[in-house]
Amino acid sequence: MLYLVNQEGTETGYLERRNAVRLHSLNFRENDLQRWLTHRLDRVIRTDDLLPITQSRMGEEMPDILALDRDGRLFIFELKRWESESSNLLQVMRYAQIASAWGYEKLNALYQREHEDNAELGDAHRDHFGYVETLSAAD
């Protein structure tokens with residue numbers, strides 16, 4: 001599905017469904033969409049619902065976007081520039097299996113590679129969701 005983020009007339013904007021087109025017909029690549037969504041996830045999903053952690057890089061066996069919710073649950077986004085196929089679901093399930101073995105340290109390392117100031121994932125999670133205490137390895 002293709003949506004236009006329209007912010008005119010509303011404070012938060014809304015998504016307007018568009019007729020299906022392929023990304024390449026718009027001179028837009030899958031990694032362009034991935035980068036755009038990672039930095040604007042709050043325009044697709046309410047900003048207080050998810051904290052983006054990282055986006056994949058060329059040649060990595062990683063989901064396109066990883067994010068945490070307020071309870072520390074991991075969300076996996078796998079973007080495709082073409083129609084969905086059953087193999088796409090298997091790919092996401094493989095990523096979920098891989099990610100299920102990750103702990104806080106791995107997620108923190110993924111978060112830090114996106115932030116030059118070496119910000120801690122736990123601190124970012126606390127600040128993003130307005131918690132008093134910081135997310136830690138024990139969570």
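In this chain, residues are counted from 1 in sequence order. Hydrogens, waters and symmetry mates play no part in the numbers below; they use all other heavy atoms, side chains included.
- Interatomic distance, E105 CD to L121 CG, rounded to the nearest 0.5 Å: 10.0 Å.
- The two atoms that bring A67 and P52 nearest to each other are CB-CA, 3.9 Å, heavy atoms only.
- Among all heavy-atom pairs drawn from S56 and P63, the shortest one is CB-O, 3.2 Å.
- The distance from atom OG1 of T54 to atom NE2 of H115, rounded to the nearest 0.5 Å, is 9.0 Å.
- Note that OG1 of T134 and CZ of R126 are 3.5 Å apart. Values are rounded to the nearest 0.5 Å.
- The side-chain heavy atoms of L50 and F77, taken from C-beta on, include a pair separated by under 4.5 Å.
- Using a 4.5 Å heavy-atom threshold, the side chains of L110 and W102 count as touching.
- Of all heavy-atom pairs spanning I65 and Q34, the tightest one is CD1-O, 3.8 Å.
- Between the side chains of D64 and Q55, no donor-acceptor pair is found at a separation under 3.5 Å.
- Between Y95 and M62, every side-chain heavy-atom pair lies at or beyond the 4.5 Å cut-off.
- Across all their heavy atoms, I53 and L107 have their closest contact at CG2-O, 3.7 Å.
- With a 4.5 Å cut-off on side-chain heavy atoms, L66 and F75 do not count as touching.
- Between D32 atom CG and L79 atom CG the span is 11.5 Å, to the nearest 0.5 Å.
- Residues A119 and Y111 approach most closely at O-CD2, 3.6 Å, considering heavy atoms.
- Side-chain atoms of E60 come within 3.5 Å of backbone atoms of R57 as a donor-acceptor pair (strictly under, hydrogens ignored).
- Closest of all the heavy-atom pairs between L51 and A124 is CD2-C, 4.0 Å.
- Between R73 and L68, the closest side-chain pair of non-hydrogen atoms is not below 4.5 Å.
- Looking at heavy atoms from C-beta onward, E120 lies out of side-chain contact with H125 at the 4.5 angstrom threshold.
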